[in-house]
Amino acid sequence: MPSLMIHRNDTVKVLTGADRGKTQRVLRVIPDKSAVLVEHVRVVKKTVSSKTGQNTRGGIAEQESPIHVSNVALVCPNCGIARVAMKKDGAMRVRYCKKCGQTLPTKK
Ligand SMILES: [Zn+2]
């Protein structure tokens with residue numbers, strides 16, 4: 001499985017599409033598709049039908065749809081957009097900003 005440079009809870013900037021320029025948090029990473037779900041980005045409205053016997057109401061639900069990782073850029077706390085690379089730090093592989101050298105922590 002390819003390991004993605006972008007992790008859950010990272011802050012990314014959207015590079016393409018209608019949400020271009022937005023800086024938002026990554027909600028979920030989908031490694032199989034090299035895609036991420038980004039908060040408030042590519043939101044689609046889904047019609048939810050009410051089901052008899054269940055306590056759900058029909059209506060419209062909003063849900064993010066996945067966006068390819070190549071369409072987002074990690075945000076460096078110092079520089080804004082980061083060109084991120086991996087380096088070895090002892091036994092760990094860490095991400096760092098190529099521009100300022102800042103290590104980007106992996107938030108849990
Ligand atoms: Zn930086």
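Atom set for the values below is all heavy atoms of this structure, side chains included, hydrogens, waters and symmetry mates excluded. Whatever order the structure lists them in is the order used to number ligands and atoms, beginning at 1.
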- Item | Pair Glu64 + Arg42: basic N to acidic O under 4.0 Å | no
- Should the pair Asp19-Lys13 be classified as a salt bridge under the 4.0 Å nitrogen-to-oxygen rule? no
- Item | Nearby protein N/O/S atoms (those under 2.8 Å) for the Zn ion (ligand 1), with water ignored | Cys76 SG, Cys79 SG, Cys97 SG, Cys100 SG
N/O donor to acceptor pairs below 3.5 angstrom from side-chain atoms of residues 66-76, sequence neighbours left out:
from  : atom 1 : to    : atom 2 : distance (Å)
His68 : ND1    : Ser70 : N      : 3.1
His68 : ND1    : Ser70 : OG     : 2.8
Asn71 : OD1    : Thr16 : OG1    : 3.4

- Message: Do Met86 and Ile81 sit in one hydrophobic cluster, given that two such residues count as connected whenever their side-chain heavy atoms are within less than 4.5 Å of each other, even indirectly?
- Response: no
- Message: Set out, in order, the CA-CA distance, both residues' side-chain angles and the distance that settles salt bridge (charged side-chain N to carboxylate O under 4.0 Å, His left out) for Arg95 and Asp89, then state yes or no.
- Response: CA-CA 10 Å; Arg95 302 175 301 165; Asp89 185 10; over 6 Å; no
- Message: Hydrophobic clusters here meaning ILVMFWY residues chained together by side-chain heavy-atom distances under 4.5 Å, can you tell me if Val14 and Met5 are in one?
- Response: yes
